[in-house]
Amino acid sequence: MSLSKTGGWIVSLAILVGCGRAWALESDREQPMELAADSLSIDESKGVSLYQGHVEITQGSFKLWADQVWIFRSQGKTEKIVSEGEPTRFQQLLQVDGEQVRGQARRMEIDLGRNELLMIDQASLEQAGNRFGNDRILYNRSTAQVKAGSSAQGKERVQVVIEPQGKRASP
């Protein structure tokens with residue numbers, strides 16, 4: 001695989017870390033979502049809740065930390081979560097080997113219908129010491145498929161670091 005001048009390529013996290021199957025835990029989506037924050041504002045008419053100050057979201061093995069989070073609901077169903085922070089961070093266990101995938105960016109948008117997490121502005125993703133960064137990274141939480149660079153509508157080149165096989169990063 002080679003980088004093009006625009007950084008427009010798709011890489012699956014499974015290839016990046018050398019694991020054939022790297023799906024996130026299937027049970028995470030079935031777990032209740034727990035939220036904690038310093039303050040909460042709800043606008044029922046618009047279906048928007050705003051959590052501010054040291055926001056923490058947990059759903060199974062998925063965890064997210066941010067300065068502020070907007071939850072968008074329609075017809076009693078949560079459709080989208082938008083978080084901002086300096087940075088906003090997440091982590092999630094993978095199904096096959098129990099490894100954690102971690103990411104951070106200044107803004108994250110989670111489309112719950114598609115189970116996709118879009119990381120925007122100073123985005124990075126890491127697993128087992130392997131990492132890559134870009135201005136936009138699109139991560140599918142179900143399949144661990146990743147798009148970065150122009151394939152995720154980014155403007156910067158993708159930066160990748162792959163650790164030698166057998167070398168593990170310290171936790």
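A donor and an acceptor atom, one from each side chain of S124 and R131, are nowhere located under 3.5 Å apart.
When side chains are defined from C-beta on, L125 counts as touching V146, because their heavy atoms get closer than 4.5 Å. Between I110 and F90, every side-chain heavy-atom pair lies at or beyond the 4.5 Å cut-off. For the pair F72/T78, no side-chain contact is recorded, criterion being any heavy-atom separation below 4.5 Å from C-beta on. Residues R136 and L118 are in side-chain contact: their nearest non-hydrogen atoms beyond the backbone lie under 4.5 Å apart. Here the side chains of M108 and V82 are not in contact, with every heavy-atom distance at 4.5 Å or above.
Taking the salt bridge (Lys or Arg N to Asp or Glu O under 4.0 Å) definition, one finds that D121 meets it with R106, sequence neighbours left out. S41 pairs by the side chain to side chain donor-acceptor pair (under 3.5 Å) definition with nothing, not counting sequence neighbours. With sequence neighbours excluded, no residue forms a salt bridge (Lys or Arg N to Asp or Glu O under 4.0 Å) with R89. The side chain to side chain donor-acceptor pair (under 3.5 Å) check on Q52 picks up Q68, with sequence neighbours excluded. Listed by chain and residue number, nothing satisfies the salt bridge (Lys or Arg N to Asp or Glu O under 4.0 Å) test with E116 (two or more places apart in sequence, or in another chain). For T58, there are no side chain to side chain donor-acceptor pair (under 3.5 Å) partners two or more places apart in sequence or in a different chain.
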Between Q31 and F62, does a side chain to side chain contact (heavy atoms under 4.5 Å, CB included) hold up when you go through it step by step? CA-CA 10 Å; Q31 301 298 314; F62 179 80; over 6 Å; no

Step by step, work out the side chain to side chain contact (heavy atoms under 4.5 Å, CB included) result for I57 and K63. CA-CA 6 Å; I57 297 176; K63 295 179 179 16; over 6 Å; no

Taking it one step at a time, do V69 and L50 satisfy side chain to side chain contact (heavy atoms under 4.5 Å, CB included)? CA-CA 6 Å; V69 172; L50 172 60; over 6 Å; no

Quick one, I71 with V48, criterion side chain to side chain contact (heavy atoms under 4.5 Å, CB included). Give me CA distance, side-chain angles, the key distance, then yes/no. CA-CA 6 Å; I71 306 285; V48 178; over 6 Å; no

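Here the closest non-hydrogen pair linking L93 and Q100 is CD2-CG, 3.4 Å. Closest approach of A66 and S83 over heavy atoms only: CB-CB, 3.7 Å. Across all their heavy atoms, M119 and G103 have their closest contact at SD-CA, 4.2 Å. Looking at every heavy atom in both residues, T88 comes nearest to W65 through OG1-O, 2.9 Å. Scanning both residues, D38 and H54, for their nearest heavy atoms gives OD2-ND1, 2.9 Å.
Using a distance-only test at 3.5 Å, with no hydrogens or angles considered, no donor-acceptor pair links the side chain of D67 to the main chain of G53. Side chain of N134 to backbone of I137: no donor-acceptor contact under 3.5 angstrom is found. No side-chain donor-acceptor contact under 3.5 Å links N140 to the backbone of Q145.
A salt bridge does not link E126 to R102: none of the charged side-chain nitrogens sits closer than 4.0 Å to a carboxylate oxygen. A salt bridge between E79 and K77 is absent, with no side-chain N of the basic residue lying under 4.0 Å from a carboxylate O of the acidic one.
Applying the 6.0 Å contact sphere to NZ of K80 captures no more than 12 heavy atoms from other residues, nucleotides or ligands.
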